[in-house]
Amino acid sequence: MAVKPVVLALSRSGEGTAHRVAEALGAAVHGRKGRVAAADAYFDNALDHARDLFAAGVPVVGVCASGILIRAVAPLLADKTTEPPVVSVADDGSVVVPLLGGHRGANRLAGQIAAALGAVSAVTTAGDVALGVALDEPPAGWRLVNPEHAKGAMAMLLSGAGARICDDEAAKAGWLADLPQGEGLRISCTMEPLDDLGDSHLQFTPQRVALGVGCARNCPPEELGALVDEMMAEAGIVPAAVHSINTLDLKADEPAILALSARLNAPLRLFSAAELDALTARVETPSDVVFAEVGTHSVAEAGALAQSESAILWYPKRKTEMSTCAISVTPMPLVDLQGRGRGKLSIVGIGPGQATWRTPEVSKLVAEAEELVGYGLYIDLLGPLAVGKARSDFPLGGEEARCRYALEQAGRGKNVALVCSGDAGIYAMGALVFELLDRGPDQMGVCDAARRIEVQCSPGVSALQGAAARAGAPLGHDFCAISLSDLLTPRDDILRRLKAAAEGDFVIAFYNPVSKTRRTLLAEGRDILLQHRPADTPVMLASSLGRPEEHIRYRRLEELDVDEVDMLTVVLVGSSNSRIAHLGEGPRMFTPRGYARKIDGDLAG
């Protein structure tokens, strides 16, 4: 799913323009708090918010001075082939400037905005200015076969050399019609493999081919790949001509099919048995055996035909021991995608809450998601990044229902983000997701479709990391984490782990230290630890980490008071070697690793 742009309104003077731009793009308006009267979401700091959106891969359209956007994203600039578009618009809507990502959509955005506002689009990329086209960004339905040569070819045209467009598909490539004519650059428009490509010879291929594939469970990727390569070689087509890989939805998690999709860089599209069986009249080798097994008379041939009513079966089904493939072709390039994609569940940890502690990868996965699932407070902490998305809030205590719902929604083909605080794999929902996936439907697991989805786990800043960073370096040596919640873990197991950690002299991070009804385990833990480490062992209490109400304080172990702790507090108890350093900005807690002995030895020597 393409990520929609966000329109930033920074002032009252540009607010009207921002809303006109948003209407033209079907985008949301994010407004500066206290400066803008109406917006879909509000932010406090323009630089931080623009930077957060950019890091998440969200196209940014700022109704503001260009310099504001430049300063915001400058620290993140790295790879122009992956950066999202950034466009600035004058407050009065008179000028539109694509700042970044010209060939990744910014120029198109600028043109669309300019047309809606009656503005001037200040495109500065050389190809667009001099030639009216960017050779490295063909329109939908076309692929550049040798993109590594696009820069040299463009330089040749800009130096005054013309281009000759040849091959049978040239008439379909009307977008190349205005290039200056000449013999300097040859442009081939064909699906056939060519072996003399270079800076003076570019090849564009129309995507008129769809592959239909099927395979037995756990078919070796090499077997399906070899079959496809053999058929494509016989057909005389380059891999870039393949518009999509199409198959039965029951095959959504087949490694061989997933590997093929990745290798050909062609999207995987899935169809139900009923959808494929409706195409039986158009296939050449329908099979009653296949119908009895999966509910459709054809998988490969019907899959190849499913992308277009105009598709004809070019190469009927061919099979190996465990795989099948068929190839269809259409008269014109395929642009749209039929069927559905493979569902995806991103298990994300947003850190303690503040945006600056959220990883760019997590922000990107949230931005790409169609639906956000989680405890309502955690979704709220995403701020403007969650605006405009479907969200399903679940209360504390509804963890199983939360994970089950997220999995089942992804099983329907959706891109879902399961939002957790801290790190999703540390005392959060990650383990429960995989536990449900490990169970069959008859074991209170999830449906088969949910078990075929893609699952991506993304790391976050855990509460113990956040607390340790605020403290100094208390985790500088061996440490462990223990949850004091006995809702899911037997109390005796918790006490056994407490004693083992105390005897091992670990620094300990206590999660879920108390609740309204559970007040004794933390006190028992303190007393167990006092049997193995000094009474003055430093303890850090960190509440509401990364939020405006953050509160940090230090205590001696013997003074640890349960009434000073709540569920939003992380308790870090030092080892017998942990220390407090009293510095100008206040106390800092650290646990030496042993370098002091080395330093003292060097001094003695």
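Values in this document were obtained by computation on a predicted structure and should not be read as measured data. For the numbers below, each heavy atom of this structure counts, side chains included, while hydrogens, waters and symmetry mates do not.
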Task: R263 bridged to D229 by N-O distance under 4.0 Å - done: yes
Open item on the list: Strictly below 4.0 Å, N to O, side chains only: are D253 and R342 in salt-bridge contact?
Closed with: no
Open item on the list: Taking salt bridge (Lys or Arg N to Asp or Glu O under 4.0 Å) as the definition, give me every residue that meets it alongside K344, ordered by chain and number, with sequence neighbours left out.
Closed with: none
Task: N/O donor-acceptor pair under 3.5 Å between T489 side chain and D486 backbone - done: no
Open item on the list: Can you tell whether the side chains of E400 and R404 come within less than 4.0 Å, N to carboxylate O?
Closed with: yes
- [ ] I would like to know whether I245 and L264 meet side chain to side chain contact (heavy atoms under 4.5 Å, CB included); could you show each step before the answer?
- [x] CA-CA 9 Å; I245 310 295; L264 297 183; 4.0 Å; yes
Open item on the list: Between N415 and E368, is the side-chain hydrogen bond (donor to acceptor under 3.5 Å, both in side chains) condition met? List the steps.
Closed with: CA-CA 8 Å; N415 185 331; E368 292 172 347; 4.9 Å; no
Open item on the list: Q307 vs Q338, test: side-chain hydrogen bond (donor to acceptor under 3.5 Å, both in side chains). Steps then yes/no.
Closed with: CA-CA 5 Å; Q307 282 298 324; Q338 306 303 320; 5.1 Å; no
Open item on the list: Could you check whether E137 pairs with R108 (Lys NZ or Arg NE/NH1/NH2 to Asp/Glu carboxylate O, under 4.0 Å)?
Closed with: yes
Open item on the list: Any carboxylate oxygen within less than 4.0 angstrom of a Lys/Arg side-chain nitrogen, looking at R391 and D380?
Closed with: yes
Task: All pairs passing ring-ring contact (aromatic ring centres under 6.0 Å, His included) where residues 422-445 contributes a residue, at least two apart - done: Y427-Y511
- [ ] May I ask you to say whether K389 pairs ionically with E370, meaning some side-chain N is under 4.0 Å from a carboxylate O?
- [x] no
TODO: Could you label the plane-to-plane angle of the H30 and H49 rings as parallel, tilted or perpendicular, counting under 30° as parallel and over 60° as perpendicular?
DONE: tilted
TODO: Determine, for E550 against R470, whether the closest basic-nitrogen to carboxylate-oxygen distance falls under 4.0 angstrom.
DONE: yes
